[in-house]
Amino acid sequence: MTVISDTSPLSALAEIGELSLLRQLFGMVILPAAVLQECIQEGAPAALRQWAFTLPDWVISDASSVRIPSADFGLDPGETAVIALALEAPGPVLLLMDERAGVAVARSLGLAFTGTLGLLVRGQQLGLIDFETAVAGLRHTRFRFTEALIAHARRLLA
């Protein structure tokens, strides 16, 4: 399976010190060039910027040749690049994406996706992290979620 990440899950995981969860879950993750640019821009969390400047060997960021679709999805460059790469990838693809607009476009195109909380649920299910500790950490970051979404995630773990 090809796993392609947008910036938001990377940012959230960086802020709680859990970026290695992606390697544990998927082995390899692809970042389009536009996502890498968002990760290193001024204003990105310091932990994310540091990680992006010294990408680990399990991250592939060589997608600058991907053709951006002519359709205007109304998304930011990172989300657009993630979706464009997914549409061109052979075989099954999983998008890591949190923003509602991007998720809506991915859903409309029939693309599989999960967000930060879905990653944390999967990590808990596999015994890689403690979900409650990770969520407590997210409460002190820029990541925004509703209590209803947390309750849904907890039901998945029950």
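Being a predicted model, the structure only gives us computed values, none of them experimental.
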Asker: Starting at CD1 of Ile4, measure out to CG of Leu85 and round the result to the nearest 0.5 Å.
Answerer: 3.5 Å
Asker: Does a sphere of radius 6.0 Å around CZ in Arg23 hold more than 12 heavy atoms from other residues, nucleotides or ligands, not counting ones at 6.0 Å or beyond?
Answerer: no
Asker: Does the Thr80 side chain pair with the main chain of Pro77, one donor and one acceptor, at a distance under 3.5 Å?
Answerer: no
Asker: Quick check: do Pro56 and Trp51 have side-chain heavy atoms less than 4.5 Å from each other?
Answerer: yes
Asker: Below 4.5 Å, heavy atoms only, C-beta onward: do Val82 and Ser5 meet side chain to side chain?
Answerer: no
Asker: Excluding sequence neighbours, so at least two apart, what forms salt bridge (Lys or Arg N to Asp or Glu O under 4.0 Å) with Glu147?
Answerer: Arg139
Asker: If you measure from CG on Leu95 to CG on Asp6, what distance do you get to the nearest 0.5 Å?
Answerer: 9.0 Å
Asker: If we only count heavy atoms from C-beta on, is the Ile60 to Met28 side-chain gap below 4.5 Å?
Answerer: yes
Asker: Apply the test side-chain contact (heavy atoms from CB on, under 4.5 Å) to residues Gln125 and Phe131: give CA-CA distance (whole Å), side-chain angles for both, the deciding distance (0.1 Å), then the verdict.
Answerer: CA-CA 9 Å; Gln125 290 169 331; Phe131 179 82; over 6 Å; no
Asker: What salt bridge (Lys or Arg N to Asp or Glu O under 4.0 Å) pairs are there with at least one residue in residues 112-125, not counting sequence neighbours?
Answerer: none
Asker: Would you indicate whether the side-chain heavy atoms of Val35 and Ile30 approach each other to under 4.5 Å?
Answerer: no
Asker: Check Ala12 against Phe143 and note the closest heavy-atom contact, atom names and distance.
Answerer: CB-CD1, 3.8 Å
Asker: Could you tell me which non-hydrogen atom of Leu19 sits nearest to which non-hydrogen atom of Leu10, and how far apart they are?
Answerer: CD2-O, 3.5 Å
Asker: Determine yes or no for a side-chain-to-main-chain donor-acceptor pair under 3.5 angstrom, with Ser61 supplying the side chain and Leu31 the backbone.
Answerer: yes
Asker: Atom CD of Glu79 and atom CD of Glu38: how far apart are they, to the nearest 0.5 Å?
Answerer: 7.5 Å
Asker: Could you tell me whether Arg49 and Glu42 have a side-chain N and a carboxylate O separated by less than 4.0 Å?
Answerer: no
Asker: Report yes if some heavy atom in the side chain of Thr2 is under 4.5 Å from a heavy atom in the side chain of Pro92; otherwise report no.
Answerer: no
Asker: Check the hydrophobic clustering (I, L, V, M, F, W, Y; side-chain heavy atoms under 4.5 Å; chains of links allowed) and say if Ile83 and Met1 are grouped together.
Answerer: yes
Asker: First locate atom OG1 of Thr7, then atom CD of Gln41, and finally report the distance between them rounded to the nearest 0.5 Å.
Answerer: 7.5 Å
Asker: What's the separation between atom CD1 in Ile16 and atom OG1 in Thr133, rounded to the nearest 0.5 Å?
Answerer: 9.5 Å
Asker: Atom CD1 of Ile150 and atom CD of Glu132: how far apart are they, to the nearest 0.5 Å?
Answerer: 8.0 Å
Asker: Output side-chain donor-acceptor pairs under 3.5 Å for residues 97-117, partner residues at least two apart or in another chain, one line each.
Answerer:
residue: Asp98; atom: OD1; partner: Thr116; partner atom: N; Å: 2.8
residue: Asp98; atom: OD2; partner: Ser8; partner atom: OG; Å: 2.9
residue: Asp98; atom: OD2; partner: Thr116; partner atom: OG1; Å: 2.6
residue: Ser108; atom: OG; partner: Val105; partner atom: O; Å: 2.7

Asker: Say whether Ile40 and Val29 are linked into one hydrophobic cluster, either directly or through other cluster members, by side-chain heavy-atom distances under 4.5 angstrom.
Answerer: no
Asker: Please evaluate residues Asp130 and Gln124 with respect to the criterion side-chain contact (heavy atoms from CB on, under 4.5 Å), reporting the C-alpha separation (whole Å), side-chain torsions for both, the decisive distance (0.1 Å), and the verdict.
Answerer: CA-CA 6 Å; Asp130 179 73; Gln124 169 78 31; 3.9 Å; yes
Asker: What about Phe26 and Trp58, same hydrophobic cluster or not, with Ile/Leu/Val/Met/Phe/Trp/Tyr joined at side-chain heavy-atom distances under 4.5 Å?
Answerer: yes
Asker: Using the side-chain contact (heavy atoms from CB on, under 4.5 Å) rule, take Leu87 and Val93 through it: C-alpha gap first, then chi angles, then the decisive distance, then the call.
Answerer: CA-CA 9 Å; Leu87 292 173; Val93 175; over 6 Å; no
